[in-house]
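Worksheet: one structure, shown below.
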Amino acid sequence: MVGSISDWLPLCPHTVTHSSFTGRDAYGAPAYGSPASYRARVSYKSSYVRGKDGAEVLARGSVHFVGTPTVTAEDQITLPDGDMPQIVS
């Protein structure tokens, strides 16, 4: 049985900020859109995952969002501790 989103909120105590990659500026640095904050569950457990090129990489953790943000490997996320990790998959 699948409950409503409100049933999952106690399991997602964190707030993660997401900014979509929009391109590169005149100096080649990445540019991002306006940030949006989402409720999420951040787990700091290392595991191997496949990167966008298909290679196996070690991820330091995972983020599970409440809602449906579209997140790509080029985007930027900010974790509750202020860390901005590389997105690998």
Side-chain angles (χ1 to χ4, degrees):
M1 178 171 107
V2 176
S4 69
I5 286 182
S6 62
D7 294 336
W8 294 95
L9 292 179
L11 300 174
C12 297
H14 307 110
T15 299
V16 174
T17 303
H18 169 251
S19 299
S20 296
F21 176 78
T22 59
R24 299 202 174 267
D25 67 15
Y27 301 101
Y32 300 96
S34 299
S37 295
Y38 295 93
R39 292 276 300 263
R41 179 170 192 81
V42 179
S43 300
Y44 295 97
K45 179 181 177 189
S46 297
S47 63
Y48 284 97
V49 297
R50 296 267 176 213
K52 68 178 183 176
D53 64 355
E56 196 171 68
V57 295
L58 181 62
R60 296 182 322 176
S62 61
V63 176
H64 300 274
F65 290 97
V66 174
T68 56
T70 300
V71 180
T72 69
E74 290 81 21
D75 292 350
Q76 184 176 67
I77 60 170
T78 304
L79 300 177
D81 64 1
D83 191 21
M84 297 169 65
Q86 178 182 2
I87 301 170
V88 294
S89 79

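If you're wondering where the values come from, they're calculated on a predicted model, not measured in any experiment. Residue numbers start at 1 and run along the sequence shown.
Counting heavy atoms from C-beta on, the side chains of Val63 and Ile87 never come closer than 4.5 Å. Side-chain contact between Val16 and Thr78 is absent, with no heavy-atom pair separated by less than 4.5 Å. Residues Met84 and Gln76 form a side-chain contact, since some pair of their non-hydrogen atoms from C-beta on lies under 4.5 Å apart. When side chains are defined from C-beta on, Arg41 counts as touching Pro13, because their heavy atoms get closer than 4.5 Å. Residues Tyr48 and Val88 have side chains not in contact (no heavy-atom distance under 4.5 Å, counting atoms from C-beta outward). The side-chain heavy atoms of Pro85 and Ile77, taken from C-beta on, include a pair separated by under 4.5 Å. By the 4.5 Å heavy-atom criterion applied to side chains, Pro30 and Arg24 are counted as neighbours.
When atom types are taken as modelled, the side chain of Arg60 and the backbone of Ser46 share no donor-acceptor pair closer than 3.5 angstrom. Under a 3.5 Å cut-off, the side chain of Arg39 and the backbone N or O of Cys12 do form a donor-acceptor pair. Asp25 places no side-chain N or O within 3.5 Å of a backbone atom of Ala31 that could act as its donor or acceptor partner. Side-chain N or O atoms of His14 include one that pairs as donor or acceptor with a backbone N or O of Val42 at under 3.5 Å.
Between Thr72 atom OG1 and Phe21 atom CZ the span is 8.0 Å, to the nearest 0.5 Å. The distance from atom OG1 of Thr15 to atom OH of Tyr38, rounded to the nearest 0.5 Å, is 12.5 Å.
Around atom CD of Gln86, no more than 12 heavy atoms belonging to other residues, nucleotides or ligands sit under 6.0 Å away.
Of all heavy-atom pairs spanning Asp81 and Tyr44, the tightest one is OD2-OH, 3.8 Å.
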